[in-house]
Amino acid sequence: MSKRLNEEPQHPESAMQTRRDALMIGAGLLAAPLVASVIPAAYAAEASTSAGDGPFPAHAYGATSVTSPLVPLQIERRALGPKDVLLDVLYCGVCHSDIHTVRGEWGPTPSPCVPGHEIVGRVLAVGKAVTKFKVGDIGGVGCLVNSCGTCENCLADLEQYCLNGFTLTYASPDSSKAGHTLGGYSDKIVVTEHFVIRIPPGADLAATAPLLCAGITTFSPMQHWKLAAGQRVGVIGLGGLGHVAVKLAVARKAEVTVFTTSQGKITDAKRLGAREAVLSTDTAAMKGLAAKFDLLISTVPEAFPMQPFINLLKLDGTLVNVGAMNPLEDVHGLGLARARRSLAGSIIGGIAETQEVIDYCTTRNIKADIELIRIEDVNRAYERVVNKDVRYRFVIDMASLKAGSQPRS
Ligand code: NAP
Ligand code: ZN
């Protein structure tokens, strides 16, 4: 059982209690000041302006409608609760999910939408009951900031499949206060310690940030479907998730094939460690690979004809879709049945597994290939992601937000 659950039961009533406590702390009615007592002098000046007893302002970039670009915004972060960690955000990756959400491609998006769920930051302050972090540590936040903590999936460290609804890092109803969550395109964020990942000393902070989503999302299916040395795995789509998937599969000594729609990425795929790279429009090459694969991981962001890929699975092989989250196209019943093939899906990973992938990657020096950008270039970066032109993850240097800047178009 997860340690958090012993410490912090969250029945609906106690969750309400927590919310009420947060409100009362916000109003200065509960608890002594949490910050001054835990912040060393080096951080006290900054923290005292940013995390007193109540909610406090933070700088952010976000969109106020699904047709608007991201612009500078001032937002409010909640007062630090006893189990909360305040991060000074250093880096935040740009995931294609940010774009889907900002643009309302997955349904209505609350306004303002401040995306960002590949967050690495320095701990500026901790609540009085925090045990996992101290001021000055480096913490990471991925896609989840809360879950019920009591359902069977949460109890099995699978918070991403919480039966009572998890809280996503952004654009999700906020379980700690009214409104919705606001993500990591921001200079500060407050998150319950259980959902903050320890970033080990020595990690390359900017290039580690993408592992908090792209890394865990591709690591988790490799773990679940037990991808082993010598097995053949195909990665469909060489973008943010795909290029990390290649590195993770190579680290397991699997034989990796990349399926891409971009001729220009063939060389890169091999440099990343793939044994081969195939243009998925090359029907002859696709036919030649029929029934060869143990596992396929699709990171394609929208529905596409899957049957040509399912045909590549050997007996009992599985295609795991982590990309398209809309109705899938063209899957043939017999095409699955004739080799007892499976079509599966997977979302991100639980907190324990996210910690595992971060530790695994730091130990092996696995990191994302990144293009570090300033916040004012984020709208341009979105266009390049949509045009399959990211090599291979944009990461925002959040120092550029602190400097205060206007978006460039
Ligand atoms: P990305 O960087 O844009 O990479 C996606 C890649 O897929 C592209 O670079 C391109 O690679 C290929 N592609 C794009 N459009 C395509 C199309 N119409 N047909 C065929 N291939 C296409 O995106 P990402 O950040 O890696 O995210 C990938 C998807 O996973 C997104 O939809 C995202 O929302 C989703 N996601 C899911 C989870 C989860 O938990 N399941 C977590 C994170 C992200 P080539 O140029 O090589 O063809
Ligand atoms: Zn993501």
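Numbers here simply count residues along the sequence, with the first being 1. Atoms within each ligand, like the ligands themselves, are counted from 1 in listed order.
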Q. Salt bridge between Lys132 and Glu193, side-chain N to carboxylate O under 4.0 Å?
A. no
Q: Could you tell me whether some N/O pair between Ile347 and ligand 1 is separated by less than 3.5 angstrom?
A: no
Q) Nearest to atom 47 (O) of ligand 1, what protein heavy atom do you find, and at what distance? A) Thr260 OG1, 2.5 Å
Q. Is there a side-chain contact between Leu238 and Val246 (heavy atoms, below 4.5 Å)?
A. yes
Q: Using distance alone, with no hydrogens and no angle criterion, decide if Gln223 and Glu356 have a side-chain donor and acceptor under 3.5 Å apart.
A: yes
(Q) Tell me if a side-chain donor or acceptor on Asn379 pairs with a main-chain N or O of Leu70 at a distance below 3.5 Å. (A) yes
Q: Ignoring angles and geometry beyond distance, decide whether Arg393 reaches within less than 3.5 Å of ligand 1 through its nitrogen or oxygen atoms.
A: yes
Q. For Leu238 and ligand 1, does the shortest N/O to N/O distance drop below 3.5 Å?
A. yes
Q: Could you tell me whether the side chain of Ser65 and the main chain of Thr67 form a donor-acceptor pair under 3.5 Å?
A: yes
Q | Tyr382 and ligand 1 - part of the residue with a heavy-atom distance under 4.0 Å | A | neither
Q. Side-chain donor-acceptor pair under 3.5 Å between Ser175 and Asn146, yes or no?
A. yes
Q: Could you tell me whether the Zn ion (ligand 2) has an N, O or S atom of Cys95 under 2.8 Å away?
A: yes
Q.
Does Phe293 form a ring pair (Phe, Tyr, Trp, His ring centres under 6.0 Å) with Phe259? I'd like the steps, not just the answer.
A. CA-CA 12 Å; Phe293 287 86; Phe259 296 92; 5.7 Å; yes
(Q) Can you tell me which portion of Cys213 lies within the under-4.0 Å heavy-atom range of ligand 1? Options are side chain, backbone, both, or neither. (A) side chain
(Q) Over 60° means perpendicular and under 30° means parallel, so tell me whether Phe304 and Phe309 are parallel, tilted or perpendicular. (A) perpendicular
**Q.** Short side-chain to backbone donor-acceptor contact, Arg384 and Asp389, under 3.5 Å
**A.** yes
Q. Looking only at distance, does Ser346 have an N or O less than 3.5 Å from an N or O of ligand 1?
A. yes
Q: If you have a sec, work out which protein heavy atom is nearest atom 42 (C) of ligand 1 and how many Å separate them, to one decimal?
A: Thr217 OG1, 3.3 Å
Q: Might you point out which heavy atoms bring Arg77 and Gly183 nearest each other, and give the distance in Å?
A: NH2-O, 2.9 Å
Q) Do Gly242 and ligand 1 have an N or O pair less than 3.5 Å apart? A) no
Q) If we ignore angles and hydrogens, is there a donor and acceptor under 3.5 Å between the side chains of Thr64 and Ser111? A) no
Q.
Quick check on contacts: which atoms of ligand 1 are under 4.0 angstrom from a heavy atom of Val385?
A. 3 (O)
Q. Of the backbone atoms (N, CA, C, O) and the side-chain heavy atoms from C-beta on, which set of Ile348 has a member under 4.0 Å from an atom of ligand 1: side chain, backbone, both, or neither?
A. both
Q.
I need the nearest protein heavy-atom contact for atom 4 (O) of ligand 1: residue, atom name and distance, please.
A. Gly239 CA, 3.3 Å
Q | Heavy-atom proximity to atom 18 (N) of ligand 1, best of Gln263, His96, Glu302 | A | Glu302
Q: Confirm or rule out an N/O/S atom of Cys143, from backbone or side chain, lying less than 2.8 Å from the Zn ion (ligand 2).
A: no
Q: State the atoms of ligand 1, each with its element, that fall below the 4.0 Å cut-off from a heavy-atom position in Met325.
A: 41 (N)
**Q.** Best match, Pro221, Ala214, Ser262, Ser298: closest heavy atom to atom 46 (O) of ligand 1
**A.** Ser262
Q) When you look for heavy atoms under 4.0 Å from ligand 1, do you find them on the side chain of Lys265, its backbone, both, or neither? A) side chain
Q. Taking N or O atoms only and a 3.5 Å limit, does Tyr392 qualify as a polar contact for ligand 1?
A. no
(Q) Below 3.5 Å, N or O to N or O, backbone or side chain included: is there any such pair between Phe304 and ligand 1? (A) no
Q) Between Gln231 (side chain) and Ala228 (backbone), is there a donor-acceptor pair under 3.5 Å? A) yes
Q.
Please list the nearest protein heavy atom to atom 26 (O) of ligand 1 with its residue and the distance rounded to 0.1 Å.
A. Leu241 N, 2.7 Å
Q. For ligand 1, is there an N or O atom under 3.5 Å from any N or O atom of Val390?
A. no
